[in-house]
Peer 1: 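Below you'll find the structure I mean.
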Amino acid sequence: MNKYNPKEIEKKWQKFWLEKGTYKNYDREKKFYALDMFPYPSGAGLHVGHPKGYIATDTVARFKMLQGYSVLHPMGWDAFGLPAENFAIKNKTNPNVFTAKSVAVFKKQLEMFGFSYDWDREINTTDPEFYRWTQWIFLKLFEKGLAYESNEPINWCPSCKTGLSNEDLEDGKCERCGSEVEQKPMRQWVLKMTDYADRLLNDLDTEGLDWEEMIVSQQRNWIGRSEGAQFEMEVSGAKEKIEVYTTRLDTVFGMTYAVVAPEHPIIEKMKGNLENYAEIEVYVSKSQKKTAFERVEMQKEKTGVEMKGVKIINPFNGEKLPLFVADYVIGGYGTGAVMAVPAHDERDWEFAKKFDLEIRQSVAPDYNENISGKVFTDDGALVNSGEYSGMKSQIASEKMTAWLEEKKIGVKKVNYKMRDWVFSRQRYWGEPIPIIHCEKCGPVAVPEEELPVKLPEVENYEPTGTGESPLSAITDWVNTTCPKCGGKGKRETNTMPQWAGSSWYYLRYIDPKNSKALVDKEKEEEWMPVDLYVGGAEHATRHLLYARFWHKFLFDIGAVSTKEPFKKLVHVGLILAEDGRKMSKRWGNVINPDEVIEKFGADAMRVYEMFMGPFTQSIAWSTNSVTGAYRFLEKAWRTQLKTQNSKGNIEIENQKLKSLLHKTIKKVGEDIENFRFNTAISQLMILTNAFEKEETVNTKYYAEFLILISPFAPHMAEELWEKLGHKESIFKETWPEYDPELIKDEEIELILQVNGKIRDRMKVPADISEEEAKRIALASEKIKSNIADKDIRKIIFVKGRLINIVI
RNA sequence: GCCCGGAUGGUGGAAUUGGUAGACACAAGGGACUUAAAAUCCCUCGACCGCAAGGUCAUGCGAGUUCGAGUCUCGCUCUGGGCACCA
């Protein structure tokens, strides 16, 4: 026997698998689509944390292959976006060059792991043949009125010099560069994601959708549905009305003022009626200059200005109340105006305290508590509320809403925190938005047959900062004819955001070379939905929301057959550095997979990352522990010497070993299914340790063991499989079945307890009867001495486990 | 503030969902082999008491339910993540 030499065998089998197309079994009856969130290739390459998810997906893919599924397991590159562009700016090279290099680095690294990808299906979002269909989807959205131009103020990153969507912010800062984001009004393309809010929320409960609660609740939160009422209030002193939204209509008799956001159009409209317009104007322009971050920071200190000269009228009691403009009310949510009830809302309470406004209680707690001098935000029973007094909050809300609807001054209303998707970026390295602006016809779609609108070469990639992309400088690209009227037209120069290509890429793997459609209908129906999707939790409210939105749209236009794209979603837990911090160049604690593979081999690294702990948990890397995985593989390798096959003897059955093997078949299969790779491997270790203790191991047992370990350590399993004399790949084999009879223990250790404390244990037959167990227990010296002269009150017997004597 | 998690030896973690707490590994210590080292193999390894048999305590803290709680209930503490002036 030669020594276990991962370097040699790993290269050998990677070549073999690729040449033989071992994984391309696409004509089986059952299908399984295993997908990873595709990487953004960067020049730096991978650290050991990146491949963890890919290893898990590959393990499951190989397991499914062995179970007789056709497995689709592709990989590709999400390559548009800022890092490549910033590199291009710095080095004055085309981002294409940088992207190609990065892809090569990544691909080489991934190949070292021996993943079972079908590289013939490789895609790249920057490939015109790919983004042609990204543009096609945009045109469809435009056609259905779901892509529109807007001039609302949006998040603007002054450093990246581009507009951003809400999903692109972190703590009010640019997610990319950390700069504080400003509000800047500018022309931009927006996708009407809010039209899908209800479905994006409700379909999270789709039967069979197997998503972790963590991710589901994050999406629910982000969508932020709330139910309430919207109603209008007359403004006395001006012929205007203000609409407000509230989820607590029951507190309406406690309203003592109202507030509009600084962006509210009513301010401009009532200009003539306002005694202190100048003061208001100063406040409005000041608050507009505040960054999102500053506005949040100001939380503690509420600011605002009364709009003198006008009053609003509470429709429920006709009361005339003051109106304020204050930036604690957000322009973009609800109606941008609220009724203020300081007694029952914390923000209104703070504001009223500061401006010395009346605080009037209208709801009393239905539990015993003195609320005077405090804000009370729970439901309760109404007080000081006219005919509604005495009613419970919920009933009162319903009655009041009905009254509003009857008077035709209000309606029941659902609101969402989620906004429409700001879809244009004033940058170079993205898909061109396929629109032509015509003076006569307005924005006109580029005809489908002219797709893709290719990204032209430019001399300068630097963003202009003016709200125009660098593309605007290429006049012979920009200037074109209007497809509608044939007159002069100008191309849209904004590009799509990073998230565009990734919002539908999983469909393209199914049919990557189709030039007639983004995906062939029949093939789509064959493969969708994705059965397993693995990736980082940081995408819960970005990529996963966008992709679901596009998928639902594609479903509506008949391009796909399923409502939801991803059936099972699992998030991968981070691998931290050995010091417990995040791996980062900044800390100098990055571990490179190339070095680990060089030292221990890809199989040991794969086994270690699956063994290190629960898959979704963040765990620190430990190079020491990789040794353990390596030793395990060596031990498994050595077992080949114990097979009778190698000795030419007659095969001998070993009941104990056979039973353990069948237990292992059961456990490993179930554990892979449930993403409990750590315990699956531990069981394989137990079996290996048992093999080690035997003189000889039946070749049949060893062969089955090799199949069990093959999803985790494919190279080694394949090599040993060949050594057993097989000509075909181990991945053409069938996952073994366990015999339920064999996994039953014949003998168990019965636990003898007195009052729940263990006093003795006995080897007994597994199917021991209660009577027999009692007899044995009462005969035990240790039990006897513990019972002594006390009375036995009852005896509890748990079959196959324990007997407990209560005294 | 709101939502979702987590807390078990020196370390990573197991525990069939209420039934032997610490599987499997890593580290550490001791031993075998060796001129020596590496590799490998064997033993010890939660704490305390005891020569031993054995006993007591122990799953973040405090109560409770139960014959029996790491697991269930209530109340806390710490901690990771997400959202956040969303009316």
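Proteins come first, then strands; the chains are lettered A, B, ... in the order of their sequence lines, and each starts at number 1. Source: prediction; values computed, not measured.
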Peer 1: Round to a whole Å and report the spacing from NZ of Lys663(A) to P of C24(B).
Peer 2: 14 Å

Peer 1: Hey, which sits more toward the 5' end of RNA chain B by its nearest nucleotide, Val806(A) or Met612(A)?
Peer 2: Met612(A)

Peer 1: With a cut-off of less than 4.0 Å, is there a side-chain N or O of Lys757(A) near OP1 or OP2 of C57(B)?
Peer 2: yes

Peer 1: If you check every side-chain atom of Ser682(A), which of C24(B), C85(B), G13(B) has the closest atom?
Peer 2: C24(B)

Peer 1: Counting only Watson-Crick pairs (N1-N3 plus N6-O4 or O6-N4) and G-U wobbles (N1-O2, O6-N3), all under 3.5 Å, who is the partner of C2(B)?
Peer 2: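 Pair assignment: C2(B) / G82(B).
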
Peer 1: Select base, sugar-phosphate, or nothing to describe what Glu212(A) touches, counting heavy atoms under 4.0 Å on all strands.
Peer 2: nothing

Peer 1: The test is ring-ring contact (aromatic ring centres under 6.0 Å, His included); show your working for Tyr257(A) and Phe355(A) and say whether it passes.
Peer 2: CA-CA 11 Å; Tyr257(A) 63 98; Phe355(A) 287 84; 8.6 Å; no

Peer 1: Mind checking the C1' distance from G82(B) to C72(B)? Whole angstroms is fine.
Peer 2: 28 Å

Peer 1: Select one nucleotide: of C67(B), G82(B), C41(B), the one nearest the side-chain heavy atoms of Lys794(A).
Peer 2: C67(B)

Peer 1: Select base, sugar-phosphate, or nothing to describe what Ile619(A) touches, counting heavy atoms under 4.0 Å on all strands.
Peer 2: sugar-phosphate

Peer 1: Considering only atom C1', compute the distance from U16(B) to G70(B) and round it to an integer number of Å.
Peer 2: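 The same atom, C1', in both gives a distance of 15 Å.
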
Peer 1: Ring of Trp211(A), cation from Arg548(A) - is the NZ or CZ under 6.0 Å from the centre and inside 45° of the axis?
Peer 2: yes

Peer 1: Please tell me which of the listed nucleotides, C85(B), A84(B), A27(B), lies nearest to the side chain of Trp222(A)?
Peer 2: A84(B)

Peer 1: Look at the side chain of Arg638(A) and decide which nucleotide, out of G19(B), C41(B), C24(B), has an atom nearest to it.
Peer 2: C41(B)

Peer 1: Does the structure show a Watson-Crick or G-U wobble partner for U77(B), both distances under 3.5 Å? Name it, or say none.
Peer 2: A7(B)

Peer 1: Give me the distance, rounded to whole Å, that separates C3(B) from A14(B) when you measure between the C1' atoms they each carry.
Peer 2: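 After rounding to an integer number of Å, I get 30 Å for this pair.
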
Peer 1: Strictly by Watson-Crick or wobble contacts shorter than 3.5 Å, is anything paired with U56(B), and which nucleotide is it?
Peer 2: A47(B)

Peer 1: Determine the contact category for Lys782(A): base if any of its heavy atoms lies under 4.0 Å from a base atom, sugar-phosphate if only primed atoms, P, OP1 or OP2 are that close, otherwise nothing.
Peer 2: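 Lys782(A): backbone/sugar contact only, no base atoms under 4.0 Å.
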
Peer 1: Out of C3(B), A25(B), A14(B), which has the shortest distance to the side chain of Asn678(A)?
Peer 2: A14(B)

Peer 1: Taking G9(B) as the reference, what is the distance to C57(B) when you measure between their C1' atoms (whole Å, please)?
Peer 2: 15 Å

Peer 1: Does A25(B) have OP1 or OP2 sitting under 4.0 Å from an N or O in the side chain of Asn689(A)?
Peer 2: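 Looking at the OP1 and OP2 atoms of A25(B), one of them is under 4.0 Å from a side-chain N or O of Asn689(A).
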
Peer 1: Just say parallel, tilted or perpendicular for the rings of Tyr333(A) and Tyr245(A), cut-offs at 30° and 60°.
Peer 2: perpendicular

Peer 1: Counting heavy atoms from C-beta on, name the nucleotide in G13(B), C41(B), G5(B) closest to the side chain of Pro614(A).
Peer 2: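 Within the option list, the nearest is G13(B).
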
Peer 1: Using the C1' atom as the reference point in each nucleotide, state the distance between A15(B) and G30(B) in Å, no decimals.
Peer 2: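 That atom pair is separated by 30 Å.
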
Peer 1: How would you label the contact of Arg419(A) with the nucleic acid (heavy atoms, under 4.0 Å): base, sugar-phosphate, or nothing?
Peer 2: base

Peer 1: Nearest to the Asn804(A) side chain among G68(B), G54(B), C83(B), which nucleotide is it?
Peer 2: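 Comparing G68(B), G54(B), C83(B) against the side chain of Asn804(A), the answer is G68(B).
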
Peer 1: Indicate yes or no: at least one non-hydrogen side-chain atom of Ile154(A) is less than 4.5 angstrom from one of Leu164(A).
Peer 2: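 A side-chain contact under 4.5 Å is absent here.
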
Peer 1: Within this structure, what is the CG-to-P distance between Asn755(A) and U66(B), rounded to whole angstrom?
Peer 2: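 The distance from CG of Asn755(A) to P of U66(B) comes to 14 Å, rounded to the nearest Å.
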
Peer 1: Roughly how many Å apart are U59(B) and C4(B), using the P atom of each and rounding to a whole number?
Peer 2: 27 Å

Peer 1: What's the gap between C48(B) and U40(B) when it is taken at their P atoms, as a whole Å value?
Peer 2: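 So the two P atoms sit 31 Å from each other.
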
Peer 1: Looking at every strand, decide which applies to Ile758(A) at a 4.0 Å heavy-atom threshold: base, sugar-phosphate, or nothing.
Peer 2: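 Sugar-phosphate, backbone atoms only, no base.
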
Peer 1: Let's go through Phe611(A) and Phe632(A) carefully: what are the C-alpha distance in whole Å and the side-chain angles of both, what is the deciding distance for ring-ring contact (aromatic ring centres under 6.0 Å, His included) to 0.1 Å, and is it a yes or a no?
Peer 2: CA-CA 11 Å; Phe611(A) 180 65; Phe632(A) 160 57; 8.1 Å; no

Peer 1: Are the aromatic rings of Tyr608(A) and Phe600(A) close, with centres under 6.0 Å apart?
Peer 2: no

Peer 1: For Ile751(A), report the nucleic acid contact type (base, sugar-phosphate, nothing); a contact means any heavy atom under 4.0 Å.
Peer 2: base

Peer 1: Which is it for Asp198(A) and Arg225(A) under the salt bridge (charged side-chain N to carboxylate O under 4.0 Å, His left out) test, yes or no, and what are the steps along the way?
Peer 2: CA-CA 8 Å; Asp198(A) 247 329; Arg225(A) 183 191 145 98; 3.4 Å; yes

Peer 1: Out of G54(B), C24(B), G82(B), which nucleotide sits closest to the side chain of Gln218(A)?
Peer 2: G82(B)

Peer 1: Any idea which of G13(B), A87(B), C85(B) is nearest the Gln617(A) side chain?
Peer 2: G13(B)

Peer 1: When the P atoms of A58(B) and A69(B) are compared, how many Å lie between them, rounded to an integer?
Peer 2: 11 Å

Peer 1: At under 4.0 Å between heavy atoms, what does Asp348(A) touch on the DNA or RNA strands: base, sugar-phosphate, or nothing?
Peer 2: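 It contacts nothing in the nucleic acid.
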
Peer 1: Within the structure shown, what part of the strands sits under 4.0 Å from Phe611(A) by heavy-atom distance: base, sugar-phosphate, or nothing?
Peer 2: base

Peer 1: Does atom CD of Glu8(A) have more than 12 heavy-atom neighbours from other groups under 6.0 Å away?
Peer 2: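 For Glu8(A), atom CD is not crowded (no more than 12 foreign heavy atoms under 6.0 Å).
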
Peer 1: Arg631(A) side chain N/O closer than 4.0 Å to the phosphate oxygens (OP1, OP2) of C26(B)?
Peer 2: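 Looking at the OP1 and OP2 atoms of C26(B), one of them is under 4.0 Å from a side-chain N or O of Arg631(A).
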
Peer 1: Ignoring hydrogens and geometry beyond distance, is the side chain of Lys302(A) in donor-acceptor contact with the base of C85(B) at under 3.5 Å?
Peer 2: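 Under the 3.5 Å cut-off, the side chain and the base do form a donor-acceptor pair.
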
Peer 1: Counting side-chain heavy atoms from CB outward, which of C41(B), G82(B), C85(B) is closest to Glu692(A)?
Peer 2: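 Nearest to the side-chain atoms of Glu692(A), counting from C-beta on, is C41(B).
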
Peer 1: Output yes when at least one side-chain N/O atom of Thr616(A) is less than 4.0 Å from OP1 or OP2 of G5(B), else no.
Peer 2: no

Peer 1: Using a cut-off of 4.0 Å on non-hydrogen atoms, how would the nucleic acid contact of Arg793(A) be classed: base, sugar-phosphate, or nothing?
Peer 2: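 Counting heavy atoms under 4.0 Å across all strands, no contact is made by Arg793(A).
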
Peer 1: Check the chi torsion on G55(B) and let me know: syn if it falls within 90° of 0, anti if not.
Peer 2: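 With its glycosidic angle more than 90° from zero, G55(B) counts as anti.
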
Peer 1: Between Val798(A) and Ser622(A), name the one whose nearest nucleotide on RNA chain B is closer to the 5' end.
Peer 2: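 Going by which nucleotide is closer to the 5' end, it is Val798(A).
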
